[in-house]
Structures are given as C-alpha cells and as structure tokens.
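Report on the following structure.
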Amino acid sequence: MSDASRIRTAIDLGLEGKQVGNLIVPHSRQSSAWGSLMIPIAVIARGRGPTVLVTGGNHGDEYEGQVAVAELIRTLEPGQVSGRVIAIPALNAPAARAGTRLSPIDGGNLNRSFPGRPDGTITSMIAHYVDTTLLPVADVILDLHSGGSSLEFVPSGLAHRLDDPEHQRRTIAALEAFGAPVSVIVDEIDPGSGMMDTAAEEKGKVFLSTELGGGGRLGLEALRVAEDGIRNVLAHAGVIEAAPTPGPRPPGRMLTVDDPERYLAARAEGVYRPLLELGAAVEAGQPVAEIVFIDEPTRLPQVIRSGHDGMLWCRRAMARVEPGDVVAVIAGEG
Ligand SMILES: [Zn+2]
C-alpha cells in the first residue's frame, strides 16, 4: 500500500500570494460515479517566516471557528503577512454541511481519526492528509472547537498539559496570546483516542484549541473571542503585525481540568436540569445538576454534585441524558 494521500489540490503550499481553492477527496458514490468531495482551503503567504495552520469545522456543528476562519480568508492579504497562513474553515466539510458533529458519509469523528489512513474512509483520509501534509509544515496550529450540539462552554482558549517543559512553555505563551477571557489547561479524558491535538503535539508543534460557546448556535461573544484570538495568535507567531490595542488587556483567567472527576456524568436516563449558570463558582460537594425522571414523577431527582471547587466551565446543552453523558465540567484555579 502506498502511503501517499489520495487527496489532490491545485493549491501549491510553496507559492507566495493568496490562493483560495479546494482539497479534492475522491468520493465515488451512487449519485456521482467519478465524484469528489471539495474542502475549501486558502494559503496566504509572503516572504520568510513561520507557518500558522488555522482550522474550523473539525466537528461540523461547531460554528464560531467556521465563521471566523472564513472571515480570515476574506480579509487577510499577502501584504499583511510575513510567512504563511494555511486556513481551512471546515476541516470535516461534509459534517459542516450537514450541521453534525460526525461525518454523514461514514459516521467518522474527525477528531478521533488521527493519524488516519490513505486508504481509509473519507474521514480517515482527511485526517491522514492533515497529519502527513499540513501538520509537518506548520509551526503553530490553531484548531477552533466549540461545544457542538450537546455541550456549551464559557468561551475559552485551550491547551494540554505536556511532558516537555519547553514545549509546554511555548504552548502556554501562545495560549495567553490567544487572549480569551478564560484559558484552560486540560488533561484529556481519553488522550489515546486519535485527536488532531495529540498528533500535532507529538510532532513537537505549538497546538492550541478552543471551546467557544455551543448548543449548536453561533454565539456573538464566542465569535468575537475566535476572531480576536486568531489575529492575536498570528501576531504572537510573528506572521502579522499586532493590531494596535486601545489599552492593556485585562489578564485572562487560567484554569485547569487535571482530574477525570472534574467531568460529571449522568448516572441515569432522564432530563438534565442545570442548577447553575455557566461560569458560576462551584464548591466541592455543591449540587450542580439534577436528573429528573419524567416517567416516575414521584421519584426524587438524582443529584449530581461537584467533587471539586472551581468554575462551571462546561455544561450539557441537550436536556435528555443517558447514563455516562457528561453534564458538567468543573475547571479549577490555575
Ligand atoms: Zn469539537
């Protein structure tokens, strides 16, 4: 088997100027025998300098990143750039067109499909192309996520705890530069699951993600955090000049999610009732949610309590829950 990607493009990553085109993924199907799937991509480059890869729509029902990256492609010109920006508004384009987390073609979760396979499903082929063609040429990667249909977040920049102190230092510097009101250092609940994050970090790259809003909506404040954050990271990397700011930015809050017990899950089927607004302060032992049993009205609701002090950083957006559904994440102080 060849390891070469089957994804083609007329975009030349080595050219200067502004190119807007498509990644072309072969997709022979009932309605299109010799058909392809098109994933919009732009490269904006001038002179020598670092490469920043900015992606949205890794999950199709997360919209702030998709809109902010499209805006970046419309507004960024080569004359403003020293180095290179590679921008993809909807990395899992079929999922973005369907407004779903997963690909409607193969059910694939792109952010659980890395490193992917050149001969795999559509989703796996996209992961493989990103892993073998885009991640290796990028110095900084910003992959913009939101809560999707099922979760909602306090709009946040996100990075992971890393083993190498120098790698960690560079990553936290970029996270602080992103400049969200809240930044979170996360230990992933399932780090071996094939995330783009891990694939980039294992290559020694500075990798940032976000959690911006959610609930399947496009949040106004969350979109502003995304748009400002992209520009801030490009300036931090030295690819664009920093925008003149009206004054010193208030320092953002730095929080951590360092313990699987900070993810609180339903233990029964029912309706999730939040007891706190997003962003609320939480004390250990405090009830943060209830599961209500509509078919058994006399049954007491199941109370879900936080095991930690912190902030209600994330909560469920959908009301119906099954056992194992995460209904709240409590982030702790730095
Ligand atoms: Zn996501």
Side-chain angles (χ1 to χ4, degrees), residues 39 53-70 87-116 122-124 126-127 130-131 134-135 141-160 175 178 180 182-201 207-219 221-223 225-227 229-230 233 257 262-263 265 278 313-318 325-329 331:
I39 303 176
L53 171 64
V54 187
T55 52
N58 183 328
H59 292 129
D61 58 350
E62 303 174 8
Y63 297 102
E64 287 84 1
Q66 298 181 42
V67 171
V69 177
I88 303 178
L91 206 47
N92 195 343
R97 286 171 197 137
T100 53
R101 178 174 177 82
L102 310 180
S103 172
I105 297 173
D106 55 27
N109 180 343
L110 180 56
N111 214 29
R112 302 292 184 273
S113 299
F114 281 76
I122 296 279
T123 305
S124 183
I126 296 170
V130 173
D131 190 67
L134 300 182
L135 295 184
I141 296 121
L142 176 55
D143 186 37
L144 295 150
H145 287 253
S146 302
S149 306
S150 71
L151 299 174
E152 54 183 355
F153 285 85
V154 175
S156 306
L158 188 151
H160 294 108
L175 178 64
F178 182 84
V182 171
S183 300
V184 185
I185 310 280
V186 173
D187 286 351
E188 283 298 330
I189 200 167
D190 185 12
S193 59
M195 297 176 75
M196 177 170 159
D197 315 42
T198 314
E201 288 158 358
F207 180 91
L208 297 182
S209 184
T210 61
E211 292 295 358
L212 302 161
R217 296 181 299 273
L218 178 67
E221 167 65 7
L223 179 60
V225 171
E227 290 177 341
I230 291 172
V233 168
V257 178
R262 288 186 175 276
Y263 296 80
L278 208 51
W313 174 53
C314 165
R315 68 180 187 183
R316 186 164 169 88
M318 290 172 160
D325 286 339
V326 168
V327 296
V329 183

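In each ligand, atom 1 is the first atom listed, and ligand 1 is the first ligand listed.
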Do side-chain atoms of Ser146 reach the backbone of Gly214 as a donor and acceptor pair under 3.5 angstrom? no
Check: Glu62 side chain, Gly56 main-chain N or O, donor-acceptor pair, under 3.5 Å: no
With sequence neighbours excluded, residues passing side chain to side chain contact (heavy atoms under 4.5 Å, CB included) with Ala180: Phe178, Val225
Students often mix this up, so state it plainly: with edges at 30° and 60°, are the rings of His145 and His59 parallel, tilted or perpendicular? perpendicular
Residues passing the side chain to side chain contact (heavy atoms under 4.5 Å, CB included) test with Ile122, sequence neighbours excluded, are Val25, His27, Leu37, Ile105, Asp106, Ile126
Please identify each residue that fulfils side-chain hydrogen bond (donor to acceptor under 3.5 Å, both in side chains) with Ser156, with sequence neighbours left out. Trp313
What protein N/O/S atoms are found closer than 2.8 Å to the Zn ion (ligand 1)? His59 ND1, Glu62 OE1, Glu62 OE2, His145 ND1
